[in-house]
Amino acid sequence: MMNEKKLGTQALWAGEKDQLVHGATQVPVVHSVSFGYDDMDEWFEVATGQKEGHIYGRNTNPTVQAFEDKVKILEGAEAATSFSTGMAAISNTLATFLYPGDRIVSIKDTYGGTNKIFTEFLPKQQIHVELCDTGDHAAIEKEVEKGCKVLYLETPTNPTVKITDIERMVKAGRAAGALVIIDNTFATPINQNPIELGVDLVIHSATKFLGGHADALGGVVCGREDLVEQIYHYREINGATLDPMAAYLLLRGMKTLHLRIERQNYNAQKVAEYLKTVDAVDDVFYPGLESHPGHDIANKQMRGFGGMLSFSVKGGMETVRHLLPKLKYANRAANLGAVETIVGPARTTSHVECTPEERAAMGIPEGLVRYSAGVEDLDDLIADLEQAFASLPEDVLAK
C-alpha cells in the first residue's frame, strides 16, 4: 500500500514532468482547441492512437492529461480519463457499460444525483436497478449472485457517511463477473485506494476534495486501462470534456491535497466528538467515531476517516433554520471538500433532487446537517458551533 509520505510527494510531483515546457516549473494552461501537424503521416498516427499526442481539445489536452495522470498515480491505476463534472464522470461511466436488459446492483445511500440515475433514468432504458440497504452486505451479495453487469458502490456515502466493506463486495462482484465501480470522492486517494482492494474503476467528483478550493468543476474515473479506454471513447464522442483552465485549477489544488486532508481528517474527528456532547443533537454520523456502525470496516480499509460528517438535530428543519445562519466560519452552500468549512441540510445539498419521502426512505431526516470540515483552527470551529447552539430558542428545540 502506498504510504502517506509517498502520497504527499506524488500529490505535488506526479503527472507533471512531461507537460512542462520552456523550463517552467508549473504545468501551463493550454487553451488551444486544435494541435497542428506538418507531417500528414504523423498526424494520422496521433489521430488513430498509434502515437502519443493531441489533435483536438474535445479529445485530449496537455493540461488535462497532467491532471488525469496525477489522479491515476495517486490511485494506483493503469489509466484515467476526465470529465466536465463529477456527475458527467458517473453518468458517462454507467452509459459506457450498461445496455437495455442489463442489471446493476447498488446501495440506497448514494449521492442524490447518482440515485436519480438509478431510480429515474436507467429504468427508462430498460436497465434493471436493484438498490440494497447500505451496510447489509449479505443482502448485496444475494442480489449480486443473481447476476449483474455492474456493482456500484459509494463509501463513505453522501451524506450519512455509511461504510461498505470493499474487499467483501469485490469478492462478490468477481464471483458474478460484474464490474465493481466505487465513488471515492469522500475518502480521496489520501485516505483510501479502492483499486488496491480489487475494484475495477474509481470515480471522483474532482470539484470536491481533489480541487479543494470550490473554484473548478471536474470529474475523473481511473482503473483498468481497457475499461478506461472504453469510457474515454464514450466521452470523446458525447463531449463532456474537462476544460483546460479547470484542469489547471484542479492540478494546483491537488498540490496541497495531502496537507488539506490531514487537517480535515483531524478537524472532522474533533467536531464529531464535540457534537456527540451537544444536547440539541440527536445523532452524529462519522466513521471515526467508535459508535459508528461502520467504524471497524473503515478502520480496516481507510488510512483516515475523511473531512465529511453529518448530524441530526432535535426540532428538525426548524432548528436547522435557526442554527446554520448563526455560524460565522461556515459557508452555507451546496458543495463540500473545500478549504473553508461548508454546511447545509441534505434537502438543499446532496439530495435536493429527491422528495422528502425519497429522502426518508434513504434514512435521511429533514433535520440532517451535512458538515464539510475545512482547514480552519479547530478551536474556532468548536467555539463557532458552541455559540450557534447557545443561540437556539428553547421553543425550537421543544418541537
Side-chain angles (χ1 to χ4, degrees), residues 7-22 24-33 35 54 56-75 77 80-90 92 111 113 183-191 202-222 232 235 239-264 307-308 331 333-342 349 372-376:
L7 285 168
T9 303
Q10 296 287 41
L12 283 160
W13 294 92
E16 300 194 8
K17 184 177 180 181
D18 290 343
Q19 308 304 335
L20 300 178
V21 294
H22 305 302
T25 61
Q26 304 301 313
V27 174
V29 186
V30 179
H31 284 297
S32 182
V33 168
F35 300 83
H54 308 280
Y56 190 65
R58 174 166 50 79
N59 306 90
T60 63
N61 171 278
T63 313
V64 172
Q65 183 180 335
F67 165 69
E68 293 169 344
D69 287 346
K70 189 181 290 290
V71 176
K72 174 187 74 175
I73 292 167
L74 285 172
E75 283 288 14
T81 192
S82 59
F83 303 84
S84 53
T85 67
M87 280 309 303
I90 293 169
N92 277 242
Y111 168 65
D183 184 332
N184 201 36
T185 299
F186 268 26
T188 80
I190 302 300
N191 286 328
V202 173
I203 294 175
H204 288 275
S205 172
T207 310
K208 312 304 192 297
F209 287 103
L210 294 187
H213 291 78
D215 57 5
L217 291 169
V220 62
V221 59
C222 57
Y232 161 74
R235 193 269 295 159
T241 305
L242 180 64
D243 182 75
M245 189 64 203
Y248 169 79
L249 292 170
L250 295 172
L251 271 171
R252 186 172 67 170
M254 288 183 70
K255 288 180 181 292
T256 58
L257 179 64
H258 63 302
L259 295 174
R260 290 187 282 107
I261 296 303
E262 180 180 334
R263 181 59 170 264
Q264 287 167 310
M308 288 299 305
N331 285 322
N335 192 24
L336 61 92
V339 287
E340 304 93 355
T341 292
I342 305 170
T349 56
S372 173
V375 300
E376 298 92 346

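As the structure is a prediction and not an experimental result, all values here were calculated from the model. Hydrogens, waters and symmetry mates are skipped; everything else that's a heavy atom, side chains included, is used.
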Locate the shortest heavy-atom distance separating [X] from [Y]; write the atom from each residue and the value.
{"X": "Leu242", "Y": "Ala247", "result": "CD2-CB, 3.8 Å"}
{"X": "Ala11", "Y": "Leu74", "result": "N-CD2, 3.8 Å"}
{"X": "Ala80", "Y": "Val220", "result": "CB-CG2, 4.3 Å"}
{"X": "Asn92", "Y": "Arg235", "result": "OD1-CA, 3.6 Å"}
{"X": "Asn61", "Y": "Val30", "result": "ND2-O, 2.8 Å"}
{"X": "Thr207", "Y": "Gly218", "result": "OG1-N, 3.0 Å"}

Kindly compute the distance separating [atom1] ([X]) from [atom2] ([Y]), expressed to the nearest 0.5 Å.
{"X": "Phe83", "Y": "Ile203", "atom1": "CZ", "atom2": "CD1", "answer": "7.5 Å"}
{"X": "Glu68", "Y": "Tyr232", "atom1": "CD", "atom2": "OH", "answer": "9.0 Å"}
{"X": "Asp243", "Y": "His31", "atom1": "CG", "atom2": "NE2", "answer": "7.0 Å"}
{"X": "Asp69", "Y": "Ser82", "atom1": "CG", "atom2": "OG", "answer": "10.0 Å"}
{"X": "Asn191", "Y": "His258", "atom1": "CG", "atom2": "NE2", "answer": "13.0 Å"}
{"X": "His54", "Y": "Thr60", "atom1": "NE2", "atom2": "OG1", "answer": "5.0 Å"}

Heavy-atom side-chain proximity of Val202 to Val221 below 4.5 angstrom: no
Are any non-hydrogen side-chain atoms of His213 and Thr256 less than 4.5 angstrom apart?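 With C-beta onward as the side chain, the pair touches.
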What verdict does the side chain to side chain contact (heavy atoms under 4.5 Å, CB included) test give for Met254 and Leu251, after you've listed the backbone C-alpha separation in whole Å, the side-chain angles of each residue and the deciding distance to 0.1 Å? CA-CA 5 Å; Met254 288 183 70; Leu251 271 171; 5.6 Å; no
Is the side chain of [X] donor-acceptor paired with the backbone N or O of [Y] at a distance under 3.5 Å, no angle test?
{"X": "Arg260", "Y": "Leu210", "result": "yes"}
{"X": "Gln19", "Y": "Ala66", "result": "no"}
{"X": "Lys70", "Y": "Ala14", "result": "yes"}
{"X": "Thr85", "Y": "Ala88", "result": "yes"}

Classify the angle between the aromatic ring planes of Phe209 and Phe186 as parallel (below 30°), tilted (30 to 60°) or perpendicular (above 60°).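 Taking Phe186 first and then Phe209, their aromatic rings stand perpendicular (interplane angle over 60°).
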Verify the distance criterion only: is there a donor paired with an acceptor across the side chains of Glu376 and Thr341 at less than 3.5 Å? yes
Determine whether the side chains of His204 and Glu75 contain a donor N or O and an acceptor N or O closer than 3.5 Å. yes
Using a strict cut-off of less than 4.0 Å between a Lys/Arg side-chain nitrogen and an Asp/Glu carboxylate oxygen, indicate whether Glu16 and Lys255 qualify as a salt bridge.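 So Glu16 pairs with Lys255 through a salt bridge.
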So, using side-chain contact (heavy atoms from CB on, under 4.5 Å) as the criterion, who are the partners of Lys208 when residues are at least two apart?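 For Lys208, the residues satisfying side-chain contact (heavy atoms from CB on, under 4.5 Å) (neighbours in sequence not counted) are Thr185, Ser205, Asn335, Leu336.
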Test side chain to side chain contact (heavy atoms under 4.5 Å, CB included) on Phe67 and Thr63 and set out the steps. CA-CA 7 Å; Phe67 165 69; Thr63 313; over 6 Å; no
